[in-house]
Amino acid sequence: MKYIFVTGGVMSGLGKGITAASVGRILKNRGYRVTAVKIDPYLNIDAGTMNPAQHGEVFVLKDGSEVDLDLGNYERFLDIELTASHNITTGKVYRTVIDKERRGDFLGETVQIIPHITDQIKACIQQAAEEEFPDGLKADVCLVEVGGTVGDIESMPFLEAVRQMRGGLPEHDYVLIHVTLVPEDAMGDLKTKPTQHSVKALRELGLHADIIVCRSERVVGANTKRKISAFCDLPISAVISAATAADTYEVPMEMEKEGIADVLSSILGLEKKETDPSWYRLVTKEYTNRVTVAIVSKYGIEDVYISIKEALKHAGRALSTEVKIAWLDAERYERCQLKDYDGILIPGGFGKRGIEGKIEAIKFARENNVPFLGLCLGFQLATVEFARNRCGIADATSEEFGEGSHVIALLPEQESVTELGGTMRLGDYTSDIRDGTLAMKLFGQNQIVERHRHRYEVNPRYIEKLEKEGLVFSATNKNRMECLELPGHPFFFATQFHPEFKSRPTRPSPPYLGFVEACRANKRTT
Ligand code: GLN
């Protein structure tokens, strides 16, 4: 197993995750099997209880773990499926060590950050790296991204564990990539001082950067690289420029041009292999069409819906159609605005705020034959809208929002739930698809497996009434409704699950493909 550790300097939000995922893609394009681990130094056990407006989307893995959005980047770039063990948090590490201490595993010892916490961190990294893929084989290379910025108090034990790991690994099995910021001053000159300082901070922890990736607005030239090379003790060829790309999927190509593959191969002792160019072809394919989709949400922050954005992009690429997104504030948009878009998408969400605006948008899509895609909460609100406006249940609502006729009700097994962390209906569940439906046309098979994250469902007591008025539940998991659609409408489709989590650039998600295709066919914008 070869380890590629990725640390970040200067500040957070530099795109360390995308850089690491791109390095993985470069190796994967050469035929190596790559896996990835993300370390989040916060105390939360997982991202499930964190506000997405602060921390970005909560990504859901097949095993139901709620994880950092970077795991989504790894799954998309590397086309793999990860598990809970691939997201290590301080919370998880401490909980395991404290549980061991209570059991008496360390009897007599003083339990300390070094060696007990650092040993546990090393064990977690190794276990995740060694985890077999579904085909029973292991990865050749494991990327380990250390979240946060070098110098943060929280990340200290993790960086110490990385330092210790280096000592225990053969020379060619370890490389450290440091991702740093190279800003421009008022004169437009690129400045290396922040990089020098963050490499100094790394050195104080006993770590040496083997490769430095410079994040900047424009390409970092030879002079700047030479300076960094001299100050940070590494060859100029190991200083890689990573200017902001138009599309994140182009980053592997840009880093490839910078020669990072050669540097990595020589440090890791990898044999030189031909690159499969299909990824590069895929992400640079020309668009011949364009559609604009309205996403009605209560958050003004796009990172909350990163997987939805990416899934739309994947579908768009496959259809040579650029998908532009207009973010409409669920509490503020004007109804007349809705006619300006080729399709309407209602994403997942929690809580009451903004739901009336979303229901209004669904009604508009239904009545005006505008393509509509509803996801999780969007699926539930489509049911509420239909119940109110087609079934005459004026007070139809979800139990989540308070009094009324609960066409959406709490899942029975949720009634006894008292803790909020990790207790939703999470991860992979199978759905059976009804013949002759849009769902069948989209997925092309009787059974699908998709990822979930919810506590509420269509109330079984209302299903007959809803179906009598023409709503079709086209996929189910036992007596649980998983997809809905409206025959006769150009495209009105919603899912209780989140198909965006399984969408890949190489394999777009079927509901997204169908939606973008319908938007293109119903195009109103220029
Ligand atoms: N709040 C809804 C539920 O818990 C929908 C969840 C979601 O959209 N992810 O069922």
Side-chain angles (χ1 to χ4, degrees), residues 3-24 36-59 65-74 82 85-95 97 113-114 117-118 120-122 124-125 128 142-166 175-183 194-215 232 242 301 303 306:
Y3 287 95
I4 302 178
F5 291 95
V6 182
T7 58
V10 186
M11 62 180 209
S12 62
L14 284 182
K16 214 180 339 145
I18 295 290
T19 305
S22 298
V23 168
V37 177
K38 170 79 198 286
I39 291 173
D40 283 306
Y42 48 67
L43 273 163
N44 305 60
I45 296 288
D46 60 40
T49 54
M50 295 168 83
N51 181 351
Q54 274 175 34
H55 192 71
E57 168 185 271
V58 177
F59 193 77
S65 34
E66 300 167 282
V67 296
D68 184 80
L69 59 81
D70 271 321
L71 282 270
N73 290 325
Y74 291 122
L82 298 167
S85 59
H86 296 97
N87 194 187
I88 303 172
T89 64
T90 297
K92 281 187 196 170
V93 171
Y94 272 71
R95 184 159 78 175
V97 173
I113 292 181
I114 302 170
I117 293 294
T118 44
Q120 183 59 35
I121 292 169
K122 286 188 282 180
C124 286
I125 293 174
C142 180
L143 294 156
V144 183
E145 176 193 351
V146 186
T149 307
V150 171
D152 292 349
I153 290 179
E154 287 186 315
S155 54
M156 292 289 185
F158 293 101
L159 293 169
E160 169 59 16
V162 172
R163 190 193 65 77
Q164 290 179 17
M165 270 184 90
R166 167 165 235 173
V175 59
L176 193 146
I177 301 180
H178 188 61
V179 183
T180 173
L181 177 72
V182 180
T195 299
Q196 294 176 41
H197 279 289
S198 77
V199 168
K200 187 166 164 251
L202 209 51
R203 278 198 196 121
E204 283 166 8
L205 300 168
L207 291 165
H208 170 77
D210 301 301
I211 295 176
I212 290 182
V213 174
C214 307
R215 288 282 297 110
C232 305
I301 301 152
D303 254 12
I306 181 164

Do [X] and [Y] come within less than 4.5 Å of each other through their side chains, counting heavy atoms only?
X	Y	value
V67	D46	no
I211	V175	yes
M50	E66	no
Q196	K200	no
I39	V144	yes
T90	F158	yes
T19	V6	no

(request) Please step through side-chain contact (heavy atoms from CB on, under 4.5 Å) for the pair M165 and F5, ending with a clear verdict. (result) CA-CA 10 Å; M165 270 184 90; F5 291 95; 3.7 Å; yes

(request) List the steps, then state whether side-chain contact (heavy atoms from CB on, under 4.5 Å) holds for I88 with I125. (result) CA-CA 8 Å; I88 303 172; I125 293 174; 3.8 Å; yes

(request) Test side-chain contact (heavy atoms from CB on, under 4.5 Å) on I4 and V23 and set out the steps. (result) CA-CA 9 Å; I4 302 178; V23 168; 4.0 Å; yes

(request) Establish, yes or no, whether a centroid distance under 6.0 Å links the rings of Y74 and H86. (result) no

What are the two closest heavy atoms between [X] and [Y], and how far apart are they?
X	Y	value
A36	L82	O-CD2, 3.9 Å
P157	I117	CB-CG2, 4.3 Å
A21	N73	CB-O, 4.2 Å
G24	L143	CA-CD1, 3.8 Å
V150	L202	CG2-CD1, 3.5 Å
I212	C232	CD1-CB, 3.7 Å

(message) Take a 6.0 Å sphere around CZ of R95 and say whether it holds more than 12 heavy atoms from other residues, nucleotides or ligands.
(response) no

(request) State, without any angle test, whether D40 and N87 hold a side-chain donor-acceptor pair at a distance under 3.5 Å. (result) yes

(message) For H55 and D68, which I'm curious about, is there any donor-acceptor pair between the side chains at under 3.5 Å?
(response) yes

Main-chain N/O of [Y] paired with [X] side-chain donor or acceptor, under 3.5 Å:
X	Y	value
R215	L14	yes
K16	T149	no
N51	A53	yes

Within this structure, what is the [atom1]-[atom2] distance for the pair [X] and [Y], rounded to the nearest 0.5 Å?
X	Y	atom1	atom2	result
Q164	I114	CD	CD1	6.5 Å
S12	D152	OG	CG	8.0 Å
I306	L69	CD1	CG	5.5 Å
I121	C124	CD1	SG	8.0 Å
T89	K92	OG1	NZ	5.5 Å
E145	K38	CD	NZ	4.5 Å

(request) Test V182 against T195 for side-chain contact (heavy atoms from CB on, under 4.5 Å), laying out the working first. (result) CA-CA 7 Å; V182 180; T195 299; 3.8 Å; yes

